[in-house]
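Take a look at the structure set out below.
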2 protein chains.
Amino acid sequence: MQLSKTAYVILGMLRMGKRTGYEIKSLVDVSTRFFWAASYGQIYPELKRLEDAGLIEGEAEATGGRARRAFSLTKKGDAALDDWLTSGGPLHFELRHEGLLRLFFSDPLSGGERTELLRAIRGEHERVREELRAIRPTAEGSGLEAPVEVLEFGIAYQDFIVDWCSRLERR
Amino acid sequence: MQLSKTAYVILGMLRMGKRTGYEIKSLVDVSTRFFWAASYGQIYPELKRLEDAGLIEGEAEATGGRARRAFSLTKKGDAALDDWLTSGGPLHFELRHEGLLRLFFSDPLSGGERTELLRAIRGEHERVREELRAIRPTAEGSGLEAPVEVLEFGIAYQDFIVDWCSRLERR
DNA sequence: GGGCTCATGTAAGTGGTTACATGATTAT
DNA sequence: ATAATCATGTAACCACTTACATGAGCCC
């Protein structure tokens with residue numbers, strides 16, 4: 001029963017507590033997004049698949065508002081998540097970075113144009129860094145350790161790229 | 001005439017000289033791959049589209065061996081590449097990192113299991129770092145500056161992640 | 001009344017990978 | 001002889017994004 005990585009994002013979020021698809025998406029946007037994004041177009045169909053496979057179960061909650069279905073892990077889903085977390089095998093890693101791509105081909109550009117490009121790349125990463133700093137309180141308030149550590153990594157990671165751009169700009 | 005990023009990879013590679021689809025793929029694998037990968041399934045159809053759009057032109061070379069078609073940039077293709085290199089707008093940036101994802105959900109794991117996970121992540125990045133170091137001579141022999149700079153970034157980047165893993169492992 | 005957040009979904013499209021089919025030339 | 005490399009391409013599939021449709025409740 002080959003699950004996609006995004007399926008594990010959902011299982012992981014559900015282990016932290018019963019949640020709706022909407023809540024999962026909101027959580028992803030303030031946590032895993034910078035190293036694993038997910039859209040509604042993935043989440044809702046995946047919830048359906050996971051439910052059909054018996055890894056999660058949804059419960060209708062008529063809270064007066066619009067109908068909502070909150071999901072929780074079944075024993076089977078809990079086991080599947082653990083299996084994935086502790087399994088060996090290669091860890092998928094992929095980077096797509098248009099800035100580096102442009103820089104790679106930048107030899108024919110003028111010095112000014114190259115500096116401008118570096119500034120643009122740095123700007124993007126500064127922006128992401130600020131976004132990550134903004135969600136720090138949320139992560140720290142969760143009571144969990146790992147999300148904070150990963151977030152700190154994210155901030156340090158953006159810092160690293162920002163510094164590298166600055167250094168190159170000065171040359 | 002919206003071009004995909006991968007189309008620009010092709011245009012960029014062709015500006016460096018006339019090349020076949022096979023050669024482009026080989027070049028990508030020893031240069032842009034770690035921040036922008038491309039497969040034959042993308043390259044050959046994209047070459048066709050670019051030719052139809054008049055951005056590149058192919059010339060059959062009957063070199064005795066199997067029929068091969070080497071492509072070069074047209075003026076139009078050259079201009080399109082320059083436009084992209086100097087245009088403003090947001091730079092697409094995306095990371096997918098299964099290791100960080102697992103780490104994010106690792107609170108329920110034992111200390112040993114978490115350390116094992118960190119070691120696995122570090123191992124992957126050490127492996128990529130060695131691959132990048134191995135292609136250093138190729139980049140340096142190209143006579144171009146930018147590819148070397150970007151490669152050095154790649155190595156430093158892998159180093160950064162390796163160090164971060166080591167630090168966490170010791171805790 | 002208007003805009004925001006909560007909430008659920010789907011359809012169309014994009015971008016990309018994997019696996020396959022084919023075959024000549026070159027190196028061991 | 002046989003394995004690796006050069007070389008071209010396609011079909012099926014997968015993962016993901018974007019845009020849309022719908023609508024209730026809540027705050028100003």
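Residue numbering restarts at 1 for every chain, and letters A, B, ... go by the order of the sequence lines.
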Q: Give the rounded distance in Å between these two atoms: CD of Gln2(B) and C1' of dT18(D).
A: 14 Å
Q: Find the distance between CZ (Phe153(A)) and CZ (Phe35(A)) and round it off to the nearest 0.5 Å.
A: 9.5 Å
Q) Nearest-Å distance, CZ (Arg49(A)) to P (dT10(C))? A) 11 Å
Q) Within the pair Tyr22(B) and dC6(D), is there a side-chain N or O less than 4.0 Å away from OP1 or OP2? A) yes
Q: Would you check if the side chain of Arg96(B) reaches a backbone N or O of Ala37(A) as a donor-acceptor pair within less than 3.5 Å?
A: yes
**Q.** Side-chain donor-acceptor pair present, Glu98(B), Trp84(A), cut-off under 3.5 Å
**A.** yes
Q) To the nearest Å, how far apart are Trp36(A) CH2 and dA15(D) C1'? A) 9 Å
Q | Value in whole Å for how far the P atom of dC14(D) lies from CD of Glu94(A) | A | 17 Å
Q) For Glu57(B), what residues pass the side-chain hydrogen bond (donor to acceptor under 3.5 Å, both in side chains) criterion, not counting sequence neighbours? A) none
Q | Residues touching DNA chain C, which here means a heavy atom under 4.0 Å, drawn from residues 11-21 of chain A | A | Thr20(A), Gly21(A)
Q.
Please tell me if Gln42(B) has a side-chain N or O lying less than 4.0 Å from either OP1 or OP2 of dG16(C).
A. yes
Q.
Can you tell me if Tyr44(B) touches the phosphate of dT8(D), counting only side-chain N or O atoms and a distance under 4.0 Å to OP1 or OP2?
A. yes
Q | Nucleotide nearest Arg68(A) (side chain, heavy atoms from C-beta), chosen from dT10(C), dT8(C), dT18(C) | A | dT8(C)
Q: Measure up the Phe93(B) and His97(A) rings against each other and bin them: parallel (under 30°), tilted (30 to 60°), perpendicular (over 60°).
A: perpendicular
**Q.** Distance, rounded to the nearest Å, where Ile24(A) contributes CD1 and dA7(C) contributes P
**A.** 12 Å
Q. Between atom CG in Leu47(B) and atom P in dT8(D), what is the gap in whole Å?
A. 9 Å
Q. Pick the nucleotide of DNA chain D nearest each of Arg96(B) and Ser26(B); which residue has the one closer to the 5' end?
A. Ser26(B)
Q.
I need the CG-P distance between Asp29(B) and dA7(D), as an integer number of Å.
A. 15 Å
(Q) Is a donor from one side chain sitting under 3.5 angstrom from an acceptor on the other, for Thr6(A) and Gln42(A)? (A) yes
Q) Going by atom types only, do Thr20(B) and Arg68(B) share a side-chain donor-acceptor pair under 3.5 Å? A) no
Q.
Just N and O in the side chain of Thr6(B): are any of them under 4.0 Å from OP1 or OP2 of dG16(C)?
A. yes
Q) Roughly, in whole Å, what's the span from CD in Glu59(A) to P in dA7(C)? A) 15 Å
